[in-house]
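We name chains A, B, ... by the order of the sequence lines, and we start the count at 1 in each one. Heavy-atom basis, side chains included; hydrogens, waters and symmetry copies ignored.
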Amino acid sequence: MPEGNIIHRVARVHGRWLSGRRFTADSPQGRFEDGARGVSGRVLQAVEAHGKHLFYRFEGEVRLHVHLGLFGNIRHFRSEAPAPSPACRLRLSSPHATLHLSGPQACELLTAEDEATLRARLGEDPLRAESSLERAREKLCRGRMPLALALLDQERLSGVGNILRAEALFLARLPPLLPAGALSEADFARLWDVLQRLLSDASRDGHIVTPGAPRVPECVAGKKRAERFCVYGREGQPCPRCGAKVRRRELAARGLFFCAECQGVDAVPRPRVAKKKARAVQEKRRDARREVKKRTARSTAR
DNA sequence: TGCAGATGATGAG
DNA sequence: TCATCCTCTGCAG
C-alpha cells in the first residue's frame with residue numbers, strides 16, 4: 001500500500017542491507033519462475049527508487065523492476081525468514097537476509113534500454129536529488145486537467161498517491177479542481193515545497209503524518225490512521241484549520257478529500273477536459289507501454 | 001469471522 | 001468509464 005515515500009524507504013533499506021549479497025531466487029507462487037532463474041545466483045549491486053517504481057540491479061546487467069501497485073507487499077527478514085505465503089511472487093534468499101514479494105502489479109526483468117524507456121516516461125520525483133522544480137512545473141502545469149488528477153498522473157509527477165495528493169493540496173491551500181495549467185509559479189513552488197517536505201519526512205519516519213493533523217502524538221503508532229492526516233479519510237469531520245466539515249467527492253473513481261473553506265473549492269468552476277485530446281494522449285501512452293512490453297517479451301525470450 | 005474497500009495501473013470498449 | 005488484477009486492513013456482527 002505504498003506511495004513514493006515508502007518506495008524510497010524500501011530502496012534505502014534494501015540498498016543498505018542487501019547490496020553486495022548473492023541471492024538465490026525462486027517463485028513460490030510460480031508466476032515468476034523464469035525471472036527468478038534469471039536473478040538467482042547473482043550479486044545485488046544497487047537498489048533505486050523512482051516514484052513508485054523499484055529497480056534492483058544485479059551483476060551481469062540483470063535488472064529487476066518491481067511496482068507494488070495497490071496490493072503489493074514486500075517484506076524483508078534479517079534473521080531466519082518464515083515460510084513464504086502461497087501468494088509470494090518472488091523470494092530472494094541469502095544467508096543474511098531474505099525478501100518476500102507478494103501481489104505486485106509489476107515484477108519483471110528489464111534490459112537497460114527498457115529501464116531507460118520506462119524511466120524517461122516518469123515525471124519528476126520530488127525525492128530524487130536530480131529532480132528540478134522547473135521541469136516538474138513544466139510537466140505538471142499544462143492543460144486543463146484538474147490539479148488533483150494531474151498530481152496522480154505519474155508521467156507528470158511521480159511518487160504522489162491519493163493520500164499525499166489530498167494532504168499536499170490542503171497544506172498548500174490549493175483547490176483540487178483548479179486546471180493544472182492555471183497554477184501560478186508561486187503556487188506551484190509552494191506545492192512542490194510541501195510535497196518534498198511531506199515525502200521526505202514520511203520516507204524517514206515510515207508513515208505519512210501531516211503537520212497540523214489532529215491528535216498526532218497518540219495516533220502515530222495506533223490504529224486510527226486517518227487522524228495522522230488533515231483531510232484524507234476524514235469526510236464529515238472538522239477541518240483542523242478552520243473547523244468546516246471535510247468533504248469527499250469521487251474524481252476518476254478515486255476518493256478526493258478536501259476542505260472547501262480552506263482550499264477555496266467553490267470559487268473554482270469544474271474544468272471541462274478536452275475529450276478528444278485526452279484520448280489521443282491516452283492512446284499515445286498505451287502505445288509506449290505496449291512497445292516496452294514487446295521489448296521485454298523479446299528480451300525474455302532471448 | 002467474513003466482507004467491503006483501498007495508499008495503482010492498465011486494457012477494453 | 002469501468003473492470004480487472006491481487007492482497008491486506010479495518011470494521012461490523
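Here A:Arg89 does not reach the OP1 or OP2 of C:dC5: none of its side-chain N or O atoms lies under 4.0 Å away. The phosphate of C:dT7 (OP1 or OP2) has a side-chain N or O of A:Gln29 nearer than 4.0 angstrom.
If you measure from atom CD of A:Gln105 to atom C1' of B:dT10, you get 7 Å, rounded to the nearest angstrom. One atom, CG of A:Leu101, and another, C1' of C:dT7, lie 12 Å apart when rounded to the nearest Å. Rounded to an integer number of Å, the gap from CG of A:Leu118 to P of B:dT10 is 8 Å.
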* Structure fact -> Here DNA chain B, pairs taken as Watson-Crick or G-U under 3.5 Å and shown with ( ), [ ] when crossing and | when to another strand, reads ||||||.|||||.
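Under the salt bridge (charged side-chain N to carboxylate O under 4.0 Å, His left out) criterion, A:Asp205 pairs with no residue, sequence neighbours left out.
Closest to the side chain of A:Leu70, from the set B:dA6, B:dT10, B:dA9, is B:dA6. Checked against B:dA6, C:dC5, B:dA9, the side chain of A:Arg31 finds its nearest nucleotide in C:dC5.
Taking 4.5 Å as the limit, some side-chain heavy atom of A:Pro211 sits within range of a side-chain heavy atom of A:Leu198.
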* To do: Apply side-chain hydrogen bond (donor to acceptor under 3.5 Å, both in side chains) to A:Asp114 and A:Thr111, showing your working.
  => CA-CA 5 Å; A:Asp114 294 334; A:Thr111 64; 3.0 Å; yes
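The backbone N or O of A:Glu59 lies less than 3.5 Å from a partner atom in the side chain of A:Arg42, making a donor-acceptor pair. Not one N or O on the side chain of A:Arg247 forms a donor-acceptor pair closer than 3.5 Å with the backbone of A:Phe258.
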Please tabulate, for side-chain N and O atoms in residues 44-54 of chain A, each donor-acceptor pair with protein atoms closer than 3.5 Å (sequence neighbours left out).
unit_1: A:Glu48; atom_1: OE2; unit_2: A:Arg119; atom_2: NH2; d: 2.7
unit_1: A:Glu48; atom_1: OE2; unit_2: A:Arg128; atom_2: NH1; d: 3.1
unit_1: A:Glu48; atom_1: OE2; unit_2: A:Arg128; atom_2: NH2; d: 2.8
unit_1: A:His50; atom_1: NE2; unit_2: A:Gly123; atom_2: O; d: 3.4
unit_1: A:Lys52; atom_1: NZ; unit_2: A:Val160; atom_2: O; d: 3.0
unit_1: A:His53; atom_1: ND1; unit_2: A:His65; atom_2: NE2; d: 2.8

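With both ends at atom P, the span from C:dC5 to B:dG2 equals 23 Å, rounded to whole Å.
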